[in-house]
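A short write-up of the structure that comes next.
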Amino acid sequence: MQEAKWVHEIDLPVKVVTGSGALAKLPEVLEVLGSYRTLALLTGPTVGPVVGKRVESSLSSYGFEVHTHTITASDAEAVSEAESFVREVGAQLVVAVGGGKVIDVAKYVAHQLGLRFVSVPTAVSHDGIASPAISLKDVNGYPVSKFAKPPLAVVADTDVIAQAPHRLLASGFGDIIGKITSVRDAILAKKIKGEYVGDYSLALARMSAAMVAGHAEAIAKHEPEGVSALVEAAISCGVAMAIAGSSRPCSGSEHNFSHALDLVYPDKKSLHGEQVGVGTIMMAYLHGLNWRRVQRLLQTVGAPTNCEELGIPPEAIIRALLVAHRVRNRYTILGEGGLSETAAWRLARVTQVIP
Ligand SMILES: [Zn+2]
(Lines give C-alpha, C1' and ligand atoms only; values in the text may rest on other atoms or scores of the structure.)
Protein backbone atom coordinates (compact mmCIF):
# COMPACT_ATOMS: atom_id res chain seq x y z
CA MET A 1 0.00 0.00 0.00
CA GLN A 2 1.27 3.41 -0.88
CA GLU A 3 2.05 5.68 2.05
CA ALA A 4 -0.16 8.74 2.34
CA LYS A 5 1.65 11.85 1.22
CA TRP A 6 -0.09 14.18 3.65
CA VAL A 7 -1.14 13.20 7.11
CA HIS A 8 -3.24 16.04 8.31
CA GLU A 9 -4.12 16.22 11.99
CA ILE A 10 -6.63 18.82 13.11
CA ASP A 11 -7.65 19.73 16.67
CA LEU A 12 -10.96 21.56 16.85
CA PRO A 13 -13.15 22.67 19.76
CA VAL A 14 -15.40 19.82 20.90
CA LYS A 15 -18.34 22.13 21.45
CA VAL A 16 -19.27 25.63 20.32
CA VAL A 17 -22.37 27.24 21.82
CA THR A 18 -23.24 30.73 20.67
CA GLY A 19 -26.32 32.94 20.65
CA SER A 20 -28.63 34.80 22.98
CA GLY A 21 -28.50 33.32 26.49
CA ALA A 22 -25.72 30.84 25.64
CA LEU A 23 -24.05 31.45 29.00
CA ALA A 24 -26.75 29.46 30.81
CA LYS A 25 -25.55 26.38 28.89
CA LEU A 26 -22.02 26.52 30.29
CA PRO A 27 -22.48 24.05 33.20
CA GLU A 28 -24.08 21.48 30.87
CA VAL A 29 -21.29 21.97 28.34
CA LEU A 30 -18.66 21.34 31.03
CA GLU A 31 -20.51 18.25 32.24
CA VAL A 32 -20.44 16.61 28.82
CA LEU A 33 -16.76 17.44 28.31
CA GLY A 34 -15.64 14.84 30.81
CA SER A 35 -14.53 14.49 34.39
CA TYR A 36 -13.36 18.03 35.00
CA ARG A 37 -14.59 19.02 38.47
CA THR A 38 -11.95 21.43 39.80
CA LEU A 39 -11.94 24.57 37.72
CA ALA A 40 -9.77 27.68 37.63
CA LEU A 41 -11.98 30.54 36.52
CA LEU A 42 -9.84 33.35 35.11
CA THR A 43 -11.61 36.64 34.61
CA GLY A 44 -11.01 40.37 34.26
CA PRO A 45 -11.44 43.29 36.68
CA THR A 46 -14.46 44.84 34.92
CA VAL A 47 -16.24 41.72 33.79
CA GLY A 48 -15.37 39.62 36.86
CA PRO A 49 -17.83 41.18 39.34
CA VAL A 50 -20.64 40.93 36.80
CA VAL A 51 -20.30 37.99 34.41
CA GLY A 52 -17.52 36.18 36.29
CA LYS A 53 -19.61 36.07 39.48
CA ARG A 54 -22.64 34.83 37.58
CA VAL A 55 -20.62 32.03 35.98
CA GLU A 56 -19.01 31.14 39.30
CA SER A 57 -22.32 30.74 41.11
CA SER A 58 -23.98 28.79 38.30
CA LEU A 59 -21.02 26.39 38.07
CA SER A 60 -20.91 25.99 41.86
CA SER A 61 -24.61 25.15 41.92
CA TYR A 62 -23.83 22.29 39.50
CA GLY A 63 -21.29 20.96 42.00
CA PHE A 64 -18.11 22.22 40.33
CA GLU A 65 -15.29 23.35 42.60
CA VAL A 66 -14.56 26.84 41.27
CA HIS A 67 -11.46 28.91 42.09
CA THR A 68 -11.59 32.44 40.68
CA HIS A 69 -8.60 34.63 39.84
CA THR A 70 -8.74 38.13 38.37
CA ILE A 71 -6.24 39.03 35.66
CA THR A 72 -5.46 42.73 35.62
CA ALA A 73 -2.85 42.86 32.83
CA SER A 74 -1.42 40.66 30.11
CA ASP A 75 2.25 41.26 30.95
CA ALA A 76 4.72 38.59 32.02
CA GLU A 77 4.04 39.19 35.72
CA ALA A 78 0.28 38.79 35.40
CA VAL A 79 0.82 35.63 33.37
CA SER A 80 3.09 34.04 35.97
CA GLU A 81 0.67 35.00 38.77
CA ALA A 82 -2.20 33.35 36.93
CA GLU A 83 -0.04 30.30 36.25
CA SER A 84 0.86 29.89 39.96
CA PHE A 85 -2.79 30.28 40.89
CA VAL A 86 -4.00 27.60 38.49
CA ARG A 87 -1.27 25.21 39.67
CA GLU A 88 -1.85 25.85 43.38
CA VAL A 89 -5.60 25.23 43.28
CA GLY A 90 -4.99 21.98 41.39
CA ALA A 91 -7.32 22.95 38.57
CA GLN A 92 -8.17 20.28 36.01
CA LEU A 93 -9.52 22.80 33.51
CA VAL A 94 -9.14 26.54 32.91
CA VAL A 95 -12.29 28.54 32.20
CA ALA A 96 -11.64 32.00 30.76
CA VAL A 97 -14.46 34.51 31.24
CA GLY A 98 -13.47 37.85 29.76
CA GLY A 99 -12.25 39.87 26.83
CA GLY A 100 -9.23 39.40 24.59
CA LYS A 101 -6.60 39.82 27.32
CA VAL A 102 -8.15 37.29 29.69
CA ILE A 103 -8.56 34.74 26.88
CA ASP A 104 -4.93 35.26 25.77
CA VAL A 105 -3.53 34.77 29.27
CA ALA A 106 -5.77 31.78 30.03
CA LYS A 107 -4.84 30.10 26.76
CA TYR A 108 -1.15 30.55 27.47
CA VAL A 109 -1.37 29.42 31.12
CA ALA A 110 -3.37 26.31 30.18
CA HIS A 111 -0.83 25.48 27.46
CA GLN A 112 2.11 25.91 29.86
CA LEU A 113 0.52 23.61 32.44
CA GLY A 114 -0.67 21.01 29.93
CA LEU A 115 -4.33 21.75 30.65
CA ARG A 116 -7.23 22.46 28.32
CA PHE A 117 -9.25 25.64 28.48
CA VAL A 118 -12.81 26.74 27.82
CA SER A 119 -13.32 30.10 26.19
CA VAL A 120 -16.21 32.25 27.44
CA PRO A 121 -15.69 35.56 25.64
CA THR A 122 -17.46 38.64 26.97
CA ALA A 123 -16.19 40.74 24.03
CA VAL A 124 -14.69 40.07 20.61
CA SER A 125 -11.73 42.45 20.58
CA HIS A 126 -9.65 40.06 18.44
CA ASP A 127 -10.00 36.79 16.57
CA GLY A 128 -8.51 34.65 19.34
CA ILE A 129 -11.70 33.53 21.11
CA ALA A 130 -11.64 30.10 19.44
CA SER A 131 -8.14 29.92 18.03
CA PRO A 132 -5.11 27.80 18.95
CA ALA A 133 -2.77 30.77 18.39
CA ILE A 134 -1.26 32.37 21.49
CA SER A 135 -0.13 35.95 21.23
CA LEU A 136 1.48 37.67 24.22
CA LYS A 137 4.42 39.92 25.00
CA ASP A 138 7.55 38.80 26.82
CA VAL A 139 9.26 40.87 29.56
CA ASN A 140 10.94 43.03 26.91
CA GLY A 141 7.70 43.68 25.06
CA TYR A 142 8.61 41.31 22.22
CA PRO A 143 5.71 39.37 20.73
CA VAL A 144 5.53 35.73 21.82
CA SER A 145 3.69 33.60 19.30
CA LYS A 146 2.91 30.01 20.18
CA PHE A 147 0.58 27.45 18.82
CA ALA A 148 -1.49 25.47 21.31
CA LYS A 149 -4.60 23.36 21.14
CA PRO A 150 -7.79 25.31 20.46
CA PRO A 151 -10.23 25.74 23.37
CA LEU A 152 -12.01 22.54 24.35
CA ALA A 153 -15.26 24.49 24.12
CA VAL A 154 -16.41 27.99 23.27
CA VAL A 155 -19.49 29.47 24.92
CA ALA A 156 -20.16 32.90 23.41
CA ASP A 157 -23.28 34.63 24.67
CA THR A 158 -24.22 37.32 22.17
CA ASP A 159 -26.34 39.18 24.80
CA VAL A 160 -23.23 39.55 26.96
CA ILE A 161 -20.98 40.47 24.01
CA ALA A 162 -23.47 43.11 22.79
CA GLN A 163 -22.97 44.86 26.17
CA ALA A 164 -19.19 45.14 25.69
CA PRO A 165 -17.72 48.61 25.11
CA HIS A 166 -18.06 49.49 21.44
CA ARG A 167 -14.35 50.09 21.08
CA LEU A 168 -13.67 46.39 21.77
CA LEU A 169 -16.10 45.20 19.10
CA ALA A 170 -14.74 47.72 16.59
CA SER A 171 -11.27 46.36 17.34
CA GLY A 172 -12.46 42.79 16.73
CA PHE A 173 -13.92 43.97 13.44
CA GLY A 174 -10.51 45.41 12.46
CA ASP A 175 -8.73 42.16 13.30
CA ILE A 176 -11.16 40.16 11.15
CA ILE A 177 -11.10 42.66 8.26
CA GLY A 178 -7.34 41.98 8.29
CA LYS A 179 -8.05 38.60 6.64
CA ILE A 180 -8.53 40.54 3.38
CA THR A 181 -4.75 40.98 3.22
CA SER A 182 -3.54 38.01 5.30
CA VAL A 183 -5.14 35.61 2.80
CA ARG A 184 -3.41 37.47 -0.08
CA ASP A 185 -0.09 37.22 1.74
CA ALA A 186 -0.56 33.48 2.21
CA ILE A 187 -1.28 33.06 -1.51
CA LEU A 188 1.81 35.11 -2.33
CA ALA A 189 3.97 32.98 -0.02
CA LYS A 190 2.61 29.88 -1.72
CA LYS A 191 3.48 31.22 -5.16
CA ILE A 192 6.85 32.74 -4.34
CA LYS A 193 8.17 30.52 -1.55
CA GLY A 194 6.26 27.32 -2.26
CA GLU A 195 4.91 27.47 1.26
CA TYR A 196 2.10 25.01 1.92
CA VAL A 197 -1.19 26.48 2.98
CA GLY A 198 -4.49 24.73 2.51
CA ASP A 199 -7.12 26.37 0.32
CA TYR A 200 -9.88 25.42 2.74
CA SER A 201 -8.31 27.36 5.61
CA LEU A 202 -7.86 30.37 3.33
CA ALA A 203 -11.47 30.16 2.18
CA LEU A 204 -12.63 30.18 5.82
CA ALA A 205 -10.48 33.21 6.64
CA ARG A 206 -11.69 35.03 3.54
CA MET A 207 -15.30 34.23 4.38
CA SER A 208 -14.87 35.61 7.91
CA ALA A 209 -13.81 39.00 6.53
CA ALA A 210 -16.70 38.96 4.06
CA MET A 211 -19.16 38.14 6.86
CA VAL A 212 -18.16 41.05 9.06
CA ALA A 213 -17.93 43.40 6.06
CA GLY A 214 -21.52 42.49 5.14
CA HIS A 215 -22.65 43.31 8.70
CA ALA A 216 -20.61 46.47 9.32
CA GLU A 217 -23.64 48.64 10.03
CA ALA A 218 -25.29 46.07 12.29
CA ILE A 219 -21.99 45.67 14.18
CA ALA A 220 -21.76 49.45 14.56
CA LYS A 221 -25.19 49.42 16.24
CA HIS A 222 -24.59 46.23 18.29
CA GLU A 223 -27.63 44.70 16.60
CA PRO A 224 -28.05 40.96 17.31
CA GLU A 225 -27.25 39.90 13.71
CA GLY A 226 -24.15 42.08 13.73
CA VAL A 227 -22.86 40.70 17.04
CA SER A 228 -23.59 37.14 15.87
CA ALA A 229 -21.73 37.74 12.60
CA LEU A 230 -18.72 39.05 14.52
CA VAL A 231 -18.72 36.07 16.92
CA GLU A 232 -19.17 33.52 14.14
CA ALA A 233 -16.48 35.15 12.00
CA ALA A 234 -14.03 35.04 14.93
CA ILE A 235 -14.87 31.35 15.46
CA SER A 236 -14.31 30.70 11.73
CA CYS A 237 -10.91 32.37 11.99
CA GLY A 238 -10.07 30.09 14.91
CA VAL A 239 -11.09 27.06 12.87
CA ALA A 240 -9.08 28.34 9.87
CA MET A 241 -5.95 28.51 12.05
CA ALA A 242 -6.67 25.09 13.59
CA ILE A 243 -7.00 23.58 10.13
CA ALA A 244 -3.89 25.32 8.80
CA GLY A 245 -1.90 24.33 11.89
CA SER A 246 -0.63 27.92 12.12
CA SER A 247 -1.92 31.48 12.23
CA ARG A 248 -0.87 31.89 8.55
CA PRO A 249 -4.36 32.28 7.01
CA CYS A 250 -5.30 34.97 9.52
CA SER A 251 -2.06 36.86 10.04
CA GLY A 252 -0.02 38.50 7.30
CA SER A 253 1.59 41.86 6.58
CA GLU A 254 -1.18 43.78 8.39
CA HIS A 255 -0.30 41.82 11.55
CA ASN A 256 3.42 42.37 10.96
CA PHE A 257 2.69 46.09 10.96
CA SER A 258 0.73 45.80 14.23
CA HIS A 259 3.47 43.71 15.92
CA ALA A 260 6.08 46.20 14.67
CA LEU A 261 4.04 49.05 16.16
CA ASP A 262 3.99 47.24 19.54
CA LEU A 263 7.79 47.15 19.41
CA VAL A 264 8.61 50.64 18.15
CA TYR A 265 5.96 52.44 20.18
CA PRO A 266 5.34 50.48 23.39
CA ASP A 267 3.52 53.40 25.07
CA LYS A 268 0.62 53.15 22.65
CA LYS A 269 -2.95 52.94 23.91
CA SER A 270 -4.33 51.46 20.69
CA LEU A 271 -5.69 47.91 20.62
CA HIS A 272 -4.39 45.02 18.51
CA GLY A 273 -7.41 44.94 16.20
CA GLU A 274 -7.36 48.72 15.76
CA GLN A 275 -3.74 48.54 14.61
CA VAL A 276 -4.47 45.58 12.34
CA GLY A 277 -7.34 47.51 10.74
CA VAL A 278 -5.08 50.45 9.88
CA GLY A 279 -2.41 48.01 8.68
CA THR A 280 -5.00 46.38 6.42
CA ILE A 281 -5.73 49.70 4.70
CA MET A 282 -2.03 50.09 3.84
CA MET A 283 -1.36 46.46 2.92
CA ALA A 284 -4.49 46.42 0.73
CA TYR A 285 -2.92 49.31 -1.18
CA LEU A 286 0.33 47.33 -1.63
CA HIS A 287 -1.63 44.30 -2.83
CA GLY A 288 -3.46 46.47 -5.37
CA LEU A 289 -6.77 45.86 -3.58
CA ASN A 290 -9.52 48.37 -2.91
CA TRP A 291 -8.00 50.05 0.18
CA ARG A 292 -10.69 52.74 0.17
CA ARG A 293 -13.30 50.06 0.80
CA VAL A 294 -11.31 48.81 3.81
CA GLN A 295 -11.09 52.40 5.07
CA ARG A 296 -14.82 52.90 4.56
CA LEU A 297 -15.73 49.68 6.36
CA LEU A 298 -13.59 50.62 9.36
CA GLN A 299 -15.18 54.09 9.40
CA THR A 300 -18.67 52.57 9.28
CA VAL A 301 -17.92 50.58 12.43
CA GLY A 302 -16.13 53.48 14.12
CA ALA A 303 -12.67 51.87 14.14
CA PRO A 304 -9.55 54.03 13.66
CA THR A 305 -8.31 54.58 10.10
CA ASN A 306 -5.38 56.93 10.70
CA CYS A 307 -2.51 57.73 13.06
CA GLU A 308 -4.41 60.42 14.89
CA GLU A 309 -7.32 58.12 15.72
CA LEU A 310 -4.83 55.46 16.81
CA GLY A 311 -3.09 58.05 19.00
CA ILE A 312 0.26 57.24 17.42
CA PRO A 313 2.68 59.83 15.99
CA PRO A 314 3.37 59.63 12.21
CA GLU A 315 7.08 58.86 12.82
CA ALA A 316 6.16 55.73 14.78
CA ILE A 317 3.91 54.55 11.95
CA ILE A 318 6.85 54.94 9.55
CA ARG A 319 9.30 53.18 11.88
CA ALA A 320 6.84 50.30 12.20
CA LEU A 321 6.46 50.07 8.42
CA LEU A 322 10.23 49.97 8.03
CA VAL A 323 10.74 46.99 10.37
CA ALA A 324 7.44 45.17 9.78
CA HIS A 325 8.99 42.69 7.29
CA ARG A 326 11.34 41.32 9.94
CA VAL A 327 9.23 41.05 13.09
CA ARG A 328 8.41 37.48 12.16
CA ASN A 329 9.82 34.92 9.81
CA ARG A 330 6.81 35.05 7.51
CA TYR A 331 6.84 36.02 3.83
CA THR A 332 4.35 38.75 2.91
CA ILE A 333 3.84 41.56 0.40
CA LEU A 334 6.55 43.45 2.34
CA GLY A 335 9.10 41.08 0.80
CA GLU A 336 12.44 40.21 2.37
CA GLY A 337 13.95 43.70 2.22
CA GLY A 338 10.91 45.62 3.38
CA LEU A 339 9.91 49.12 2.35
CA SER A 340 12.30 51.98 1.65
CA GLU A 341 11.76 55.08 3.77
CA THR A 342 10.42 57.02 0.80
CA ALA A 343 8.00 54.22 -0.02
CA ALA A 344 6.85 53.99 3.61
CA TRP A 345 6.01 57.71 3.81
CA ARG A 346 4.30 57.55 0.45
CA LEU A 347 2.27 54.48 1.42
CA ALA A 348 1.08 56.04 4.70
CA ARG A 349 0.22 59.36 3.01
CA VAL A 350 -1.53 57.92 -0.04
CA THR A 351 -3.76 55.79 2.18
CA GLN A 352 -4.47 58.80 4.47
CA VAL A 353 -3.02 57.02 7.52
CA ILE A 354 -0.72 60.03 7.87
CA PRO A 355 -2.06 63.46 6.88
ZN1 LIG B 1 -5.04 39.47 15.16
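One is the number of the first residue; the rest follow in order along the sequence. Since we're looking at a predicted model, the values are computed, not measured. Counting convention: from 1, in listed order, for ligands and their atoms alike.
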Applying the side-chain hydrogen bond (donor to acceptor under 3.5 Å, both in side chains) criterion to Asp185, which one of His255, Arg330, His287 satisfies it?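 When His255, Arg330, His287 are each tested with Asp185, the side-chain hydrogen bond (donor to acceptor under 3.5 Å, both in side chains) holds only for His287.
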Applying salt bridge (charged side-chain N to carboxylate O under 4.0 Å, His left out) to Asp127 and Lys179, what does each step give before you reach the verdict? CA-CA 10 Å; Asp127 68 11; Lys179 310 325 166 207; 2.6 Å; yes
Geometric cation-pi criterion, Arg319 with Tyr265: 6.0 Å, 45°: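 Negative - Arg319 is either too far from the ring of Tyr265 or too far off its axis.
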Measure from NZ or CZ of Lys107 to the centre of the six-membered ring of Phe117 and say whether it is under 6.0 Å with the direction within 45° of the ring axis.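 No, Lys107 does not sit over the ring of Phe117.
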So which protein N/O/S atoms does the Zn ion (ligand 1) have within less than 2.8 Å?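 Under 2.8 Å from the Zn ion (ligand 1) - ignoring waters, which are not counted - the protein N, O or S atoms are Asp175 OD1, Asp175 OD2, His255 NE2, His272 NE2.
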Any luck finding a side-chain donor-acceptor pair between Arg248 and Ser201 under 3.5 Å?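 Note: Arg248 and Ser201 side chains miss the donor-acceptor criterion.
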Would you name the heavy atoms of Ile243 and His8 that are closest together and state the gap between them?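 Of all heavy-atom pairs spanning Ile243 and His8, the closest is O-NE2, 3.0 Å.
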